[in-house]
Engineer: 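One structure coming up, written as structure tokens, with questions to follow.
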Amino acid sequence: MRTTLFLLAWLSAAPPDTTVVGPQESLREVAERVLGDASATAELRALNGLASDAVAPGTRLRLPGQERALALKALETARTLVAQAKGEGALREAEARLSEAEVSFRAARYAQASEAANAAGTLVSTGRAPHPSAFSVHVEPDAGTTTVSVTRGPPVRVEAEGVTRPVASGETVLVEKGQPPVAPTPPLAVPQPEQPEQGAVLKRRADKDKKDRLGPVKLTWAAVSGVERYEVEVTRESGGAAIVTQTTTAPELRLPLLPAGRYAWTVRAVGAAGRSEPSAVRRFELVPADLPINVKTGPWQ
Amino acid sequence: MLLALALPASPLGCTAEDAPAVPTTSNTPAPVPRAHLRGLKGNVQIKRATADEWSIASDDVPLFENDKVRTEAGAGADLVFSGNGSTVHLGGDSLIGIAETRPRPGRPRTDLTVLRGRIDAELEQPSTQSLSVNTPAATIQAGREIVFQ
């Protein structure tokens, strides 16, 4: 019984959130080791009442608790919101509250930092005209990978494995099961069609077997960086369903033989960042080429 | 100790007349729909939390906690959430579940769980609305909870 009491007394006396300064370790190195942030020396100084960064090896330092993580999250959110609100009303006051939050955070006054950061975020949000928010979530059939794309409005927060990442409008983030969200990738550029020229009339010969089919026709466009493949869609100019839908990894596509007529085509880029918008519609007309006249040359001429 | 535990359960000193009457009707409040299913296109099916079978969904059907909705390829439907008016379009070949409203300590609130497929969500006024979507890999939060979290 006495042993248990001693153990309980020792456990309650042991500081729960402390660390000991190692031999030849600076305060900056301690901050890097325990908080993952070398610039957090001011917080450690404030928490431990230190006048300077000089600490003797073997010194036991008090460390911030969970309230630091909460304050940091509030600060990151407020920074994002204030940065996005540049040029909008109510920004000056929000910036002042954010600055106040930064000062409180460095002084290890985490509760005040959270409060000021939330106030800054609220000022920015309420000062804005309401922007509708739109985003998509796609879960692969293997139930492992989640893709989040924000198409408009304020940022959406994506959280996985304890890491939260804001995803702004136009950005896409991919989350593998059991992994934190990766940095949002910028949206893919829209491919620019090159050939055939807009409104081109293409004279092509009929196929040997299928006389009503003409070709070949090759579509080309400017390559897009970060692309995995391109999706090409060809329709009759009069509209209706696509008559050709094909993917290719190169920035060109040789179409199958087609009947004479007017056609329209678009191309999209597809990559890790999702699908781009379709390119501008490019049109061409396919007409039968005149039959060639072959005159054999010979000595009788 | 055993005696102390046994006493309250014992009928000693308690006649049948003294025992509290068993209520004949349940006082449990009627469940409140979390969302309604609208704009159905193609084959959309629903499985109630208490049911084992899938059934064909109909327009404007209310959805309660732990209900599931699935769509075949090419099908689609809109979920309109009663609480905040946010709208979620459910794409083809998808499977979603309506989350519980009961808060769980240490876990963020969830409106919807996407198990497979694609949803497109819209919040007309994100400063006053919020939507939280869970997937097997992540939690997505949109709207006012971003500021006040």
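Worth saying up front: this structure is predicted, and the values here are computed from it rather than measured. The chains referred to below are lettered A, B, ... by the order of the sequence lines, with proteins before strands, and numbering in each begins at 1.
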Engineer: A/E161 versus chain B, heavy atoms under 4.5 Å apart: side chain, backbone, both or neither?
Structural biologist: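 Neither the backbone nor the side chain of A/E161 comes within 4.5 Å of chain B.
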
Engineer: Within the distance-only criterion (no hydrogens, no angle test), does the side chain of B/T71 pair as donor or acceptor with the backbone N or O of B/D93 below 3.5 angstrom?
Structural biologist: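 At least one qualifying donor-acceptor pair exists.
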
Engineer: So, are A/R275 and A/E231 salt-bridged, with charged N and O less than 4.0 Å apart?
Structural biologist: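 Yes, A/R275 and A/E231 are salt-bridged.
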
Engineer: Side chain from CB out, backbone as N, CA, C, O: work out which of these in A/V175 comes under 4.5 Å of a heavy atom of chain B, or both, or neither.
Structural biologist: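 Both backbone and side chain.
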
Engineer: State whether A/D17 and A/R62 are salt-bridged, where the test is any N-O pair (Lys NZ or Arg NE/NH1/NH2 against Asp/Glu carboxylate O) under 4.0 Å.
Structural biologist: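 A/R62 and A/D17: not salt-bridged.
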
Engineer: Below 3.5 Å, can you tabulate the donor-acceptor pairs from side chains in residues 100-111 of chain A to any protein atom, sequence neighbours excluded?
Structural biologist:
unit_1	atom_1	unit_2	atom_2	d
A/E100	OE1	A/R97	NE	3.2
A/E102	OE1	A/R79	NH2	3.0
A/E102	OE2	A/R79	NE	2.8
A/S104	OG	A/E100	O	3.2
A/Y110	OH	A/E43	OE1	2.6

Engineer: I need the residue from A/A160, A/G178, A/P181, A/S136 with the largest number of non-hydrogen atom pairs under 4.5 Å to chain B.
Structural biologist: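 Winner by heavy-atom pair count: A/S136.
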
